[in-house]
2 protein chains.
Amino acid sequence: MSNTQALPLLESDAPEAVAPCCPPLTERPFTAEEAETAARMFKALGDPVRLRLFSAVASHEGGEACVCDISDVGVSQPTVSHHLKKLKEAGLLTSERRGTWVYYRVEPSVLTAMGKLLTSGMSVAGSP
Amino acid sequence: MSNTQALPLLESDAPEAVAPCCPPLTERPFTAEEAETAARMFKALGDPVRLRLFSAVASHEGGEACVCDISDVGVSQPTVSHHLKKLKEAGLLTSERRGTWVYYRVEPSVLTAMGKLLTSGMSVAGSP
DNA sequence: CACCTGCTTCGACACCCGTCAACATAGACA
DNA sequence: TGTCTATGTTGACGGGTGTCGAAGCAGGTG
């Protein structure tokens, strides 16, 4: 069944502290473990269909969207469901059923974590 | 450790020379074309070995590293070469042969573009 | 209650991808 | 020149992945 234990990279006990997933890419060579964790996220976004779905949810009003509203990405609906499941398993989305429709919502902390992973000290090189 | 402000990553070029990849993920639903472009990058980083190689190059002193210095990632050397080629094809790395050794170097603009792609205005959802 | 709609799961297919051993190439050095 | 080291390329294998049609659930509506 659908359990989907997600969030491989977030410690849910500290909602305020953003995912201590990994250091910035440019700071230190990743260890095997860090690479495995981070690659899982990148891999989830490494498909055009998933990227469109994720972007559609992330940019949707209120930060959430029902499947019926984002499933126009050029593939069949089972495939859409499959990709949404993948995104959920990667910890990037969460789903909730409300009545007839299922709503997906982005996990903001993960987005922040990935952003920090890439925005290394480059743009903020102000630390002597 | 040290130092390093060595990251000549961004300071040397105009901010406008950055790859015109895509808008932030949370700004607008990606078009098929944008998704294809961005997914290519994410996919390139969606492998643990490639992520370690990329991180090793990006964090190496001077922003570049020779293969002999980063090929300790647990796979055979042909595989390392294969992954480096993939990263090069994705536009994330550039290579240059100097004498006996081949040096790889990160493409700073791409890193910046990916960072901006994720560092959306996360003040987005959840405002009601 | 029956039916209908929205979404997920199942089974199957083709294709892509990561991996390695073996071979090929480029430059250095004697 | 020949040989040795450092990388890249080729070919092949096994497993993973995206895709679809059909079937299965869940919930609303008549």
Side-chain angles (χ1 to χ4, degrees), chain A residues 1-6 8 30 32 35-57 60 64-90 92-105, chain B residues 30 32 35-36 38-57 60 64-90 92-105:
Chain A
M1 330 215 301
S2 49
N3 47 347
T4 339
Q5 62 168 7
F30 272 21
E36 199 105 14
T37 302
R40 210 173 301 145
M41 286 190 304
F42 285 117
K43 194 173 185 177
L45 294 178
D47 183 273
V49 173
R50 280 199 291 268
L51 206 47
R52 289 185 71 182
L53 290 171
F54 185 79
S55 174
V57 173
H60 203 266
E64 67 177 15
C66 89
V67 180
C68 60
D69 214 2
I70 60 175
S71 53
D72 189 19
V73 288
V75 294
S76 70
Q77 221 232 352
T79 303
V80 169
S81 197
H82 168 71
H83 284 305
L84 287 173
K85 185 180 179 181
K86 282 284 188 72
L87 287 169
K88 208 165 65 175
E89 287 173 0
L92 297 170
L93 293 180
T94 59
S95 69
E96 179 193 358
R97 174 167 218 128
R98 281 207 298 273
T100 306
W101 294 277
V102 177
Y103 291 86
Y104 279 82
R105 149 183 321 242
Chain B
F30 271 22
E36 199 102 16
R40 208 171 302 144
M41 286 190 304
F42 283 117
K43 193 173 186 180
L45 295 178
D47 182 273
V49 174
R50 279 198 293 269
L51 205 47
R52 288 185 72 182
L53 290 171
F54 185 79
S55 173
V57 174
H60 203 267
E64 67 176 16
C66 89
V67 181
C68 60
D69 214 2
I70 60 175
S71 54
D72 188 17
V73 289
V75 294
S76 70
Q77 213 258 339
T79 303
V80 170
S81 196
H82 169 70
H83 285 305
L84 287 173
K85 185 179 178 182
K86 282 283 187 74
L87 287 168
K88 207 166 65 174
E89 286 173 359
L92 297 171
L93 291 180
T94 59
S95 68
E96 179 194 359
R97 174 168 219 128
R98 281 208 296 276
T100 306
W101 294 277
V102 176
Y103 291 84
Y104 281 81
R105 144 182 326 238

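Each chain gets a letter, A, B and so on, in the order its sequence line appears, and its residues count up from 1.
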**Report entry** Interatomic distance where CG belongs to A:D72 and C1' belongs to C:dG6 [whole Å]
**Finding:** 16 Å
Query raised in the report: Expressed in angstrom and rounded to an integer, what is the separation of B:E96 atom CD from D:dG8 atom C1'?
Result: 17 Å
Query raised in the report: Between B:L87 (CG) and C:dC17 (C1'), how many Å, whole number?
Result: 14 Å
Query raised in the report: What are the two closest heavy atoms between B:S95 and B:K88, and how far apart are they?
Result: OG-NZ, 3.0 Å
Query raised in the report: Among A:L53, A:L87, A:V57, A:L84, whose side-chain contact (heavy atoms from CB on, under 4.5 Å) with A:L92 holds?
Result: A:L87
Report task. Starting from P on C:dG27, measure out to OH on B:Y103 and report it in whole angstrom. Result -> 14 Å
Requested in this report: Give one of base, sugar-phosphate or nothing for A:Y104, where a contact means two heavy atoms less than 4.0 Å apart.
Outcome: sugar-phosphate
Query raised in the report: What's the CG-P distance between B:L53 and D:dG8, to the nearest Å?
Result: 11 Å
Requested in this report: Examine distances only and state if a side-chain atom of B:R50 and a backbone atom of B:A44 form a donor-acceptor pair shorter than 3.5 Å.
Outcome: yes
Report summary line: Closest non-hydrogen contact found for A:I70 with A:V73 is O-CG1, 3.7 Å
**Report entry** Integer-rounded Å distance: C:dG6 P and A:L84 CG
**Finding:** 16 Å
Report summary line: In B/S/- notation (B base, S sugar-phosphate only, - none; protein heavy atoms under 4.0 Å), nucleotides 18-28 of chain D written 5' to 3' is SBBBB----SS
Report task. Return the set of residues passing side chain to side chain contact (heavy atoms under 4.5 Å, CB included) with B:D69 (not counting sequence neighbours), or none when no residue passes. Result -> B:H60, B:C66
**Report entry** salt bridge (charged side-chain N to carboxylate O under 4.0 Å, His left out) against B:E96, all qualifying residues, sequence neighbours excluded
**Finding:** B:R98
